[in-house]
Each structure stands twice: as C-alpha cells, then as structure tokens.
Amino acid sequence: MNKEFSIHWFRQDLRINDNPSLNYLSTNGDNIVCIFIYDEINCDRQLGSAGKVWLHESLNYLNEQLDNKLLIFKGDPQKIFDEIFNNFNVKKVCWNRCYEPWRIKRDFKLKSNLKKKVNVKTFNASLLWEPWEITKNDGSPYKIFTPFYRRGCLNYKLPRKPESQKISFFNHTMKSINVKDLHLRKQISWEEKLIHKWKIGESHAYNIMKSFFSEGIKDYSEGRNFPNKKNVSRLSPYLHWGQISANQLWYEAEKVRPDVSEENIDIFKSELGWREFFYNLMYHFPEIQSKNLQTKFENFPWDENNNYLECWRRGKTGYPIVDAGMRELWETGYMHNRLRMITGSFLVKNLLLHWHNGEHWFWDCLCDADYASNSASWQWVAGTGTDAAPYFRIFNPITQAKKFDPTGEYIKRFVPELKNIPTKYIFEPWLCPIDVSDSIGFKIGIDYPYPIVDIKQSREKALNAFSSLKTVNYEK
DNA sequence: CCTGGAGTTGTCCTA
DNA sequence: TTAGGACAACTCCAG
C-alpha cells in the first residue's frame, strides 16, 4: 500500500522534455511523483498579475500532461515536505535549481534539512552555464557583457545537450488542492484577453520554436529591431517558466545552417548569452532588484510625479511609439524589445522617474517577467547598471519611431485612435494640420493627448541631472 | 603593475 | 542629403 516513491518538485521547469531532474529519476527507475508548491511565504516579491495568469494556465496544462497526477501545494515547502514524509515512504527529492536570491537562501536551508531524512539531488535545467562557473581568471564576476560572453561563456565548456526520454509517472494515492485553489486568477477580462493572445504550455512552446527557426531567424539580426516584423521568437515567457529550455534553443539554432547566415545564428545565441549574463549578475549582486549597482546613483535627483507615471503606464504620454509599446504590454502581456528600450528610456530620461517604477510595472504586466532579466535590464536602461549605456544615450521617441516603425503600422495597431492619421504625421500627431485632422474627424488634445513633456527640454534636463551626478561623484 | 583597447541597441550638429 | 565626430570620462579586462 504505502509503496516507496521519489518526488520531482516542479518549479520554473514546467516541461517534461529535456528535464534533467525527471530524466535522472526516470533513468534510475524510481517511482516518480510530481509536486508543485506555490510559495508566497519565503519570496521577497509576489508574482506579478501576468505571471499568475501564465502560471495558472501552465499548471493546468502540465497536470493534463501528467494525467492529473500533479500534486499542488501552497505554503512553506519545509512544512509541506515534513507533512509528506510523515505520511509516505519517500526515497528521494529532486528538483531543478532556481537562482533568485530568496530562492537560493530558502533552498540552501531546505536542502540541508531534507537531507537528514531523504536523498536530495538538484540539477541545472535552465541555464547554459552555472553562474558560479563563469568568472574572470581571478575569480571575480564579469561586469561587461562582451568579455563575459566571448571569453567567459564561449571559451568555457559547451552547454549541456538537451535530452528527452519517455517518462512514466507513479499512480499515487496522495491528495492535494487544485490549481484554482491557488487563486492565481481573478476572473477579470484583462486576464481573458491575455489568455487569448497566447497558447500556454510545453508543446506550444515547441511549435513556436520550430516556426521561429524556419522563419524569423532568417533575418533575425536586422528584423528583430522592427516591432511590426515577425523576426523575434516571442519565446521569453516559455523560457522563463521552463516550458522550453535555453539548451533546446541553443542547439536548435545550431541546426539551421546553412539556410541561415552565421550572423543571424550568432546574434540569436548572444541573446541567450544576455540571459546568462543577467543571471550571473543576479547571483553575484543579489540586491540587483532594489539597489543601484553604481552607488553614485543613490544621490540622483529622480522626480516624483504620479500623473506622469500614470500616463506612462496607460500609454497616454502623447508620443505614439511610447504609447503603442505601453499598450502592447497591457493588451498582450508582452512588449517587443525595441519598445522596452524606448519606453524605458522615456520613463527614466524624459520623465526622470525612478527605474523602480518601470521595473514594478513591467513585473506586474509581463508574462515573461523574470527577476534577473527585468531588474538588470532596467538598470541598463537607467544607466545605473554595471554595463550601462552612456548617460547621453537618450532615445528620441520620434526618431526611433520613424526608423523602426516607418509605416506606422505598429503604432496604429495599438493606438487605434491614430489609425486615420496620414503616415506623415503619425509620429507627431500634434503637427497634423487642422484641415487634415478635420477631414478625418480627429482632434488632438481630445481624441489623443498632447505630449506630456517636451522632448527637447526634458532631454536637456536629463543631461544636466546626469552630468551633475558626475560632478558630485568627482568631488567626493 | 602597467598598458592599451573596448564598452548592445543613440542623437545631434556640422561640414 | 549624408557622413562623421562629439558627447565624459571611467572602468573593465586581458595580455
């Protein structure tokens, strides 16, 4: 009756294929029982709204894959494991590692406690290289991407090859709560909208990967800059939740030669390298989410302006490309990378609002919200990171729009009130002559806002603020 | 320890 | 119209 089994603890590895922990248990012939624990107790930041929706759908999908054998728990993992050990005959507990500082702290303690009772094994399922493996020769962490990637990663051993096998799951008699009992969904229309934009689950991730490597990758290095083109993979949410692995993507990219140029392949792989870099930074600088990596920014004169912030969040800044990006985020739980830079730069440089505001909003709205990538990228945009853009690199939303959305189609897709404006004026609708706007029944200031800040003045203000910071730092 | 080259994604002005 | 340099100086990194 009380037959011995081993536990695979699902975390951010919500897949069956290329799952090292599952493969290990399966190869050993263990009776495998899968659990998921929703831990709101030990984390330093609750999941964002979009992340909760994604998780809810993913768990339902995963449970189906497992013939409804997935066990769902909520609470402190230590207590949950204690309870399981008291009632069942557990042989091993295995999981794939996570790297968020709060998780490292929790798991370190948990692992040593569990080890007193059972065998515990952990694996790397989500990174190409462990963050502690890639360091400079003197053992200290890299702070610049290029040497990190070229010398640190590419000269290190090859990433683990993806490996899949048929896994069978034990017919256990354990009881747990249901996915809906986690209350990840609030049943509001915003969530419905998100779900209709995505097919959530492991096999969908695989299909998207396949179609990306037969289409988008061909002009990836150029096309990825254009939000209206289909050259980016849009796999980031799946990658975050482990529905596809970085290793699968890495080696799939190797397979498309010679149909795809070396440059496209290399640039795609380097994007995976950026993800590694962010995890590496998070590992070595665990306060990356809250503290400026460059300490001189402690003195930076950020503005506080709730009106500006709300305009930015809702996509009502009066700059069409910025508003389109912010509304893409709200409508779809995703934002094209080019837009993440444009909207980020606008918040931090033109509105002079603290990058924490942007980091929080993105965390709440992005399906791919990732502790490492989100924090590190915001620090990059703000210029507070280790490998930051020069402070004078301030994106001009008009120039960027003309360059990367020349037909205005992306803008019109997400800012429908501008859909009848001639392309000539779509980037600066306040310049649209009266006779033109009258003829299409458009009223600037009513149908669409005037710009909330002047681009030239706000740029000057930012340049002054950033250079004053330099002086302050110098005098110290 | 010293040296020298380099640093994701830009903008603006000038010739 | 367009191409090139300035925008700061600093720190990082490897030889």
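A, B, ... follow the sequence lines: proteins, then strands. Residue 1 opens every chain. The analysis underlying the following values was restricted to heavy atoms, covering all of them including side chains, and did not include hydrogens, waters or symmetry mates.
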Trainee: Determine whether the aromatic ring centres of residues A:Y99 and A:Y283 are separated by less than 6.0 angstrom.
Mentor: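 For A:Y283 and A:Y99, the ring centres are not under 6.0 Å apart.
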Trainee: Give me the first and last nucleotide of DNA chain B, going 5' to 3', that has any atom under 4.0 Å from a heavy atom of chain A.
Mentor: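 Contact boundaries, 5' end first: B:dG7 to B:dC12.
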Trainee: Near DNA chain B, counting only heavy atoms under 4.0 Å, which residues of residues 262-279 of chain A show up?
Mentor: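 Within residues 262-279 of chain A, the residues near DNA chain B are A:E271, A:W274.
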Trainee: Taking only residues two or more places apart in sequence or in another chain, which ones pass salt bridge (Lys or Arg N to Asp or Glu O under 4.0 Å) with A:R413?
Mentor: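 Salt bridge (Lys or Arg N to Asp or Glu O under 4.0 Å) check on A:R413 returns nothing, list empty.
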Trainee: Is the distance between the ring centroids of A:W312 and A:Y308 under 6.0 Å?
Mentor: no
Trainee: Measure the distance from CZ on A:R393 to C1' on C:dC7 and round it to the nearest whole Å.
Mentor: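 So the CZ-C1' distance, A:R393 to C:dC7, works out to 11 Å.
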Trainee: Rounding to the closest angstrom, what is the interatomic distance between C:dC10 and B:dG10 at atom P?
Mentor: 25 Å
Trainee: For A:K269, which residues count as a salt bridge (Lys or Arg N to Asp or Glu O under 4.0 Å) partner, sequence neighbours excluded?
Mentor: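 Residues passing salt bridge (Lys or Arg N to Asp or Glu O under 4.0 Å) with A:K269: A:E254.
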Trainee: Whole angstrom is fine here: how far is it from CG in A:L293 over to C1' in C:dC10?
Mentor: 16 Å
Trainee: Could you spell out the base pairing of DNA chain C as a dot-bracket line? Use Watson-Crick and G-U wobble contacts where both distances are under 3.5 Å, [ ] for crossing pairs, | for partners on a different strand.
Mentor: .||||||..||||||
Trainee: Ring centres under 6.0 Å, that's the criterion: do A:F148 and A:W274 meet it?
Mentor: no
Trainee: Enumerate the residues from residues 329-341 of chain A whose closest heavy atom to DNA chain B is under 4.0 Å, giving them by residue number; use none for an empty result.
Mentor: A:N337, A:R338, A:M341
Trainee: Could you go through the side-chain hydrogen bond (donor to acceptor under 3.5 Å, both in side chains) check for A:N292 and A:W355 one step at a time?
Mentor: CA-CA 10 Å; A:N292 298 312; A:W355 61 268; 2.8 Å; yes
Trainee: Give a yes or no on this: more than 12 heavy atoms of other residues, nucleotides or ligands lie within 6.0 Å of atom CZ of A:R45.
Mentor: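 Buried by this count: over 12 neighbours within 6.0 Å.
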Trainee: Taking the P atom of each, how far is B:dC2 from C:dA9, in whole Å?
Mentor: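 Their P atoms lie roughly 23 Å apart.
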Trainee: Can you list the residues that meet the salt bridge (Lys or Arg N to Asp or Glu O under 4.0 Å) rule with A:E417, with sequence neighbours excluded?
Mentor: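 Expected list: A:R327.
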Trainee: What residue pairs, at least two apart or across chains, pass side chain to side chain donor-acceptor pair (under 3.5 Å) with a residue in residues 422-446 of chain A?
Mentor: A:K402-A:E428
Trainee: Quick one: salt bridge (Lys or Arg N to Asp or Glu O under 4.0 Å) partners of A:E460, sequence neighbours excluded?
Mentor: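 For A:E460, no residue satisfies salt bridge (Lys or Arg N to Asp or Glu O under 4.0 Å) once neighbours in sequence are set aside.
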Trainee: I'd like the C1' distance from B:dT11 over to C:dA8, given in whole Å.
Mentor: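 Per the computed distance, 16 Å lies between those C1' atoms.
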Trainee: Quantified in whole Å, what is the P atom distance between nucleotide C:dG5 and nucleotide B:dA6?
Mentor: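 Each nucleotide's P atom is 16 Å from the other's.
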Trainee: Within a 6.0 Å radius of atom NZ on A:K136, are there more than 12 heavy atoms belonging to other residues, nucleotides or ligands?
Mentor: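 Yes, because the 6.0 Å sphere around NZ of A:K136 holds more than 12 heavy atoms from other groups.
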Trainee: Take atom CZ of A:F466 and atom P of C:dA8, then tell me their distance rounded to the nearest Å.
Mentor: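 It is 14 Å, rounded to the nearest whole Å.
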Trainee: Select base, sugar-phosphate, or nothing to describe what A:F395 touches, counting heavy atoms under 4.0 Å on all strands.
Mentor: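 Contact class for A:F395: sugar-phosphate only.
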Trainee: Base, sugar-phosphate, or nothing for A:L463, non-hydrogen atoms under 4.0 angstrom?
Mentor: nothing
Trainee: Enumerate all atom pairs, one protein N or O and one N or O from nucleotides 13-15 of chain C, separated by less than 3.5 Å.
Mentor:
unit_1, atom_1, unit_2, atom_2, d
C:dC13, OP1, A:K143, N, 2.4
C:dC13, OP1, A:I144, N, 3.1
C:dC13, OP2, A:K136, NZ, 2.5
C:dA14, OP1, A:Y142, OH, 2.9
C:dA14, OP1, A:R151, NE, 3.4
C:dG15, OP1, A:R151, NH1, 3.1

Trainee: Determine which pairs satisfy side chain to side chain donor-acceptor pair (under 3.5 Å) with at least one residue from residues 315-324 of chain A, sequence neighbours left out, and list them in order.
Mentor: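 For residues 315-324 of chain A: A:T317-A:D323, A:D323-A:Y448.
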Trainee: Considering residues at least two apart in sequence or located in another chain, which fulfil the ring-ring contact (aromatic ring centres under 6.0 Å, His included) criterion with A:F268?
Mentor: A:F212, A:F213, A:Y220
Trainee: For A:K403 and C:dT2, what is the distance between atoms NZ and C1' respectively, to the nearest whole Å?
Mentor: 14 Å
Trainee: Return yes if a side-chain donor-acceptor contact under 3.5 Å exists between A:E276 and A:Y149, otherwise no.
Mentor: no
Trainee: Please tell me whether A:H336 and A:Y410 form a close aromatic pair, meaning their ring centres lie under 6.0 Å apart.
Mentor: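 That pair fails the under 6.0 Å test.
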